[in-house]
Amino acid sequence: MNGFVRVAAITPKTVPADVGFNTEQIIRHIEEAKKTGAELVVFPELALCGYTVGDLVLQRTLLDKCENALQRIAESTDGVVAVVGMPARRNGRLFDIAAVVGGGSVLGAAAKRNVKNRNAFSVYDGSESITLCGQNVPFGNLVFESKSRKTFTFCVEIGDDMNLVPSPSEFLAAKGANIICNPSASAETAGAAEKRRMLVKAASAKLVAAYIYAGSGCGESSTDCVFAGHRIIAENGEIIAESSLFTDGPTVIEIDTEKTDFCRMKANVFSGEPDGIRTPVFETNGFVGKLIRRINPLPFLPKDERGAEFMITLQSAALKRRMEAAHSDKLVIGVSGGLDSALALSVSVRAAKSPKDVIAITMPCFGTGSRTLKNARLLCEALDVTFKEIPIKDSVALHFKDIGHDIKIKNSVYENAQARERMQILMDVANEVNGLVVGTGDMSELALGWTTYNGDHMASYGVNASVPKTLVKYLVLAEAQRLGEKAGEVLRDIAETEISPELLPSENGKISQKTEDILGRYEYHDFILYCTLQCGFAPKKVLYLALNAFGEGKENEIRAAMKVFYPRFFSQQFKRSCMPDGVRVGDVSLSPRGDWEMPSDASAALWLEEVSKL
């Protein structure tokens with residue numbers, strides 16, 4: 001199950017006051033939900049009798065029938081937990097409650113607090129127990145806990161309770177509830193659905209929780225209003241499933257309770273001790289198999305084109321501010337004809353007062369290919385920057401002679417000397433023109449340590465430091481579309497070029513050193529990186545998610561990438577510990593100045609042990 005809980009928000013067909021019919025519908029939906037593997041199902045407010053029964057809710061005939069029906073519903077809940085709205089009596093008062101049933105019994109009940117325009121119902125009076133189906137069950141402030149899964153916890157608030165300040169869910173989420181269930185009966189009017197979406201998203205985001213909203217449907221009386229059966233399921237501020245309006249039936253999706261738990265620990269948004277809360281325990285069967293929800297294989301990419309423009313604007317604004325702070329007149333950047341330098345160059349042009357204030361230097365050496373060299377020249381011409389071409393073969397060869405290295409031995413000395421020579425040139429030119437060296441390295445390279453220490457690892461400011469490789473490509477293509485003409489054409493060709501550090505000699509003018517042949521696809525590494533930084537997932541869960549995202553047929557490739565990622569991620573922290581400043585454009589970054597703190601000699605043993613067992 002890997003921390004996933006399959007849930008269902010259900011709008012059954014309802015006939016006001018026909019408790020027998022409504023009961024059969026609820027039981028039918030519970031049985032169907034169990035077949036889908038759902039573990040937690042939520043029905044609307046007063047689903048047993050209908051929300052629109054009016055003063056009939058005071059009739060003993062209806063109340064007795066509801067309580068008897070609840071027992072039948074409870075008996076149908078083997079392996080599943082259900083939240084069912086109904087009226088209930090206690091000491092001469094009538095409450096609008098949500099009964100929680102599971103494993104054949106009534107586990108507890110929550111009472112509505114925001115009671116308005118319904119004079120029959122009392123506001124929750126603080127009682128700690130209520131008698132339902134002959135059982136004395138917990139009542140009021142409850143957090144329901146799974147017997148076998150620590151992160152599977154939920155609470156209930158009813159309808160307009162979500163509008164209270166503070167709401168019951170705020171209190172109960174702070175006491176450990178990862179999932180908020182809201183059986184509701186909100187009438188449909190113009191604009192109501194959008195407001196409902198906003199409220200559910202906001203509550204889910206603020207509480208760092210999942211939120212299940214189940215609204216009453218079209219079977220309710222239309223005497224004064226109509227109900228649309230709106231069902232919304234959100235997770236950490238994002239709607240992950242939603243029904244169409246004016247439909248009945250289930251909306252089913254998985255909730256990732258482990259992710260919610262990690263995000264809460266990371267955000268540290270709750271304070272206080274979990275005192276005064278009762279925790280009824282339940283057990284469910286769980287589900288096995290492929291997820292219903294889509295797992296995004298490219299999680300770092302923005303959801304729309306506006307996101308790309310915002311990110312590039314953010315990068316350029318940060319670089320412009322750094323120029324002002326450093327009293328620098330120019331930007332100096334190494335341009336290779338590859339993705340990273342293409343993005344950094346575009347950002348630099350935006351940040352500088354004039355394109356001519358950007359000094360772009362290409363430095364061909366032993367491994368430079370004809371395609372990348374051509375693209376470097378063409379891009380600089382199209383962007384109208386100050387362009388310099390400084391071949392470094394002779395200076396690197398002289399350096400080899402100085403240190404006694406045989407140029408025929410193409411080891412790390414051979415490769416890294418080129419990167420360090422390039423950085424020396426960039427730094428020296430920057431000194432001469434009172435400029436800043438713009439770093440081009442991206443977050444994927446920093447995660448894997450695929451960068452030369454004190455070579456391309458260094459810069460005055462790193463504009464791509466929090467931009468993973470998959471996002472770099474996306475942003476380059478976005479710039480290609482924005483710029484169009486010659487610049488756009490060149491950027492698109494750069495995006496199609498195989499990724500390479502080009503530190504080994506090319507073969508017939510073509511790239512011989514292909515990064516993804518060595519490390520594995522960047523799509524896999526970025527996916528693992530996202531799961532590690534943003535979610536704190538263990539390797540076992542990362543593999544499970546990756547197979548859902550990329551397909552079972554990619555299992556061997558993904559396993560191989562994981563065996564590369566974890567050792568490199570741990571062993572290369574020393575490079576990240578002294579990385580230059582760089583703007584954060586997304587939710588995560590590897591900056592050692594607050595975003596990712598980790599000792600350079602931390603042990604990877606626990607992670608590698610788990611990877612070895614996959």
Side-chain angles (χ1 to χ4, degrees), residues 331-349 355-356 358-400 407 410 414-430 437-442 445 450-452 455-456 459 464 469 472-473 475-477 479-480 483 485-518:
L331 295 173
V332 179
I333 180 171
V335 180
S336 65
L339 278 170
D340 293 340
S341 63
L343 176 59
L345 182 61
S346 296
V347 170
S348 297
V349 170
K356 292 300 183 184
V358 179
I359 301 172
I361 306 175
T362 190
M363 293 161 279
C365 197
F366 309 125
T368 302
S370 57
R371 181 178 182 180
T372 52
L373 181 58
K374 177 184 176 182
N375 280 336
R377 292 166 176 163
L378 290 175
L379 182 60
C380 291
E381 179 184 349
L383 295 178
D384 196 30
V385 299
T386 300
F387 176 69
K388 293 185 178 184
E389 186 169 328
I390 305 176
I392 61 169
K393 285 184 180 179
D394 292 344
S395 56
V396 173
L398 180 59
H399 175 65
F400 287 160
I407 197 170
K410 297 176 176 60
Y414 180 93
E415 294 187 33
N416 291 335
Q418 299 171 63
R420 294 192 178 108
E421 176 62 19
R422 287 177 174 131
M423 185 51 63
Q424 175 175 283
I425 290 172
L426 294 174
M427 287 290 182
D428 289 344
V429 171
V437 175
V438 179
T440 62
D442 63 58
E445 293 177 343
W450 194 249
T451 178
T452 298
D456 55 324
N464 293 339
K469 187 73 77 177
V472 170
K473 184 174 182 178
L475 296 180
V476 165
L477 288 172
E479 275 294 270
L483 293 170
E485 299 180 340
K486 189 62 178 179
E489 181 183 333
V490 178
L491 287 171
R492 279 187 289 272
D493 191 65
I494 289 173
E496 294 171 2
T497 304
E498 290 185 282
I499 300 167
S500 171
E502 293 194 316
L503 297 173
L504 294 178
S506 58
E507 298 175 357
N508 300 319
K510 296 183 178 179
I511 296 170
S512 61
Q513 188 182 25
K514 300 173 183 178
T515 300
E516 292 184 302
D517 286 351
I518 301 168

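Small disclaimer: the values here were computed from a predicted structure and weren't measured.
For the pair Asp493 and Arg371, the minimum side-chain heavy-atom distance is below 4.5 Å. A 4.5 Å side-chain heavy-atom check between Thr440 and Asp456 finds every atom pair outside the cut-off. In this structure, Leu378 and Lys486 have side chains that are in contact, with non-hydrogen atoms separated by less than 4.5 Å. Using a 4.5 Å cut-off on side-chain heavy atoms (C-beta onward), Gln513 and Glu415 make contact.
Side-chain contact annotation: Ser336 with Glu502, donor-acceptor N/O pair under 3.5 Å absent. Donor-acceptor pairing under 3.5 Å is lacking for the side chains of Asp340 and Asn464.
Heavy-atom contacts from other residues, nucleotides or ligands closer than 6.0 Å to NZ of Lys410 number more than 12.
Of all the heavy atoms in Ser341 and Gly338, the pair that sits closest is OG-O, 3.5 Å. Annotation for Ile407 and Ala397: closest pair CD1-CB, 4.2 Å, computed over non-hydrogen atoms. Considering every non-hydrogen atom in both Ala417 and His399, the closest pair reads CB-CD2, 4.0 Å. Between Cys365 and Val396, the shortest heavy-atom contact is SG-CG2, 4.2 Å. When all heavy atoms of Val335 and Thr362 are compared, the closest pair comes out as O-OG1, 2.9 Å.
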Distance-only check: which donor-acceptor pairs under 3.5 Å involve side-chain atoms of residues 381-388, not counting sequence neighbours?
residue, atom, partner, partner atom, Å
Asp384, OD1, Lys356, NZ, 3.2
Thr386, OG1, Lys356, O, 2.7

Between Met363 and Leu426, does the side-chain contact (heavy atoms from CB on, under 4.5 Å) criterion hold? Intermediate values first, please.
CA-CA 10 Å; Met363 293 161 279; Leu426 294 174; 3.8 Å; yes
Apply the test side-chain contact (heavy atoms from CB on, under 4.5 Å) to residues Leu373 and Glu389: give CA-CA distance (whole Å), side-chain angles for both, the deciding distance (0.1 Å), then the verdict.
CA-CA 10 Å; Leu373 181 58; Glu389 186 169 328; 4.2 Å; yes
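Residues that satisfy the salt bridge (Lys or Arg N to Asp or Glu O under 4.0 Å) test with Lys514, not counting sequence neighbours, are Glu498.
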